[in-house]
Amino acid sequence: MKKLSKKKRHEFLDAIYDLLFSQYGKLSCSLDHSNPLELMVATILSAQCTDARVNKITPALFKKYPTAHDYAIANQEELEDDIRSAGFFRNKAKSIIGACQVIDQSYGGELPNNLTDLVKLPGIGRKTANVILGDAFDVPGFPVDTHVTRLLNLIGLVKTDNAVKIEQFVIEVVDEARWVNFSHLLINHGRLVCVARKPKCEQCVLNKKCELNLKNNC
DNA sequence: ATCCCGAGGG
DNA sequence: CCCTCTGGAT
């Protein structure tokens, strides 16, 4: 795959996108939220945790902490209890409070809408920043999570777990208008069909395109 | 035992 | 590059 020209890589990635789009269409973020702050909190909670579990926690959480200021002045141990079942609760509580203190003090309570400022917030890395940009601000980005990493490696498009390299590879050859939904499509497919433990290759639309399937069946 | 829409630190 | 942080689901 490395030897393919940029044009060929573009065509191959477009084919992958089209196959996934034909099955799932335009997807929206699966983390329940109604504003950028809620999406930021939900995305922090989603680390090494299913979105279903996050969505179970957030209704009560968002009601209890409606603004960045509410998190900024929150008692950390109390917030830890509020988010405990999402796992990594100490780190996540620290991240939420730390990020919200900066948002409250430096940005007037509103999240910045650019990557540079978002990744400066404590606990906000590139993945979380790209999710916020794409799903809350309609700014194109390509979030790379465990599913995106796994699927693109299985297909044979990349041979690295380095999220930045994967992001660069995709945004170089895929049209900007497709970045956000491509990430959603890969994540959705990774949860429903190309699951980590036992990929359902026999019911996968990427069947003919995927190195994993070629190794298994050809 | 392995994985889930990660991030920070060494 | 490595490690740690954590509960829940399968």
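Heavy atoms only: backbone and side chains are in, while hydrogens, waters and symmetry mates are out.
- At a threshold of 4.0 angstrom between heavy atoms, the contacts of Leu31(A) with the nucleic acid are absent.
- For Arg197(A), whose side chain is taken as the heavy atoms from C-beta onward, the closest listed nucleotide among dC5(B), dT10(C), dT6(C) is dT10(C).
- The same atom, P, is picked in dG8(C) and in dA7(B); the two are 22 Å apart, to the nearest Å.
- You'll find that the side chain of Lys127(A) is closest to dA7(B), out of dA7(B), dC5(C), dC4(B).
- Distance check on atom P: dC5(B) versus dC5(C) gives 22 Å, rounded to whole Å.
- Which of dC5(B), dG6(B), dA9(C) sits closest to the side chain of Thr128(A) comes down to dG6(B).
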Could you walk me through whether Arg178(A) and Asp175(A) satisfy the salt bridge (Lys or Arg N to Asp or Glu O under 4.0 Å) test, starting with their C-alpha distance in whole Å, then the side-chain angles of each, then the deciding distance to 0.1 Å, before giving a yes or no? CA-CA 6 Å; Arg178(A) 291 186 163 195; Asp175(A) 291 347; 5.2 Å; no
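- Along DNA chain C, the nucleotide closest to Arg53(A) and the one closest to Ala86(A) are compared, and the more 5′ of them pairs with Ala86(A).
- Classification of Glu78(A) and Lys64(A) as a salt-bridged pair holds, one side-chain N sitting under 4.0 Å from a carboxylate O.
- Rounded to the nearest Å, the gap between the C1' atom of dC1(C) and that of dC4(B) is 23 Å.
- Contacts of Thr43(A) with the nucleic acid, taken as non-hydrogen atoms under 4.0 Å apart, are absent.
- Between the side-chain ring of Phe88(A) and the base of dG6(B), a stacking contact exists by the 5.5 Å and 30° definition.
- Among dG6(B), dT6(C), dC5(B), the nucleotide with an atom closest to any side-chain atom of Ile187(A) is dC5(B).
- OP1 or OP2 of dC5(B) has at least one side-chain nitrogen or oxygen of Arg191(A) nearer than 4.0 Å.
- Residue-level contact check: Asn91(A) touches the bases, meaning some heavy atom is under 4.0 Å from a base atom.
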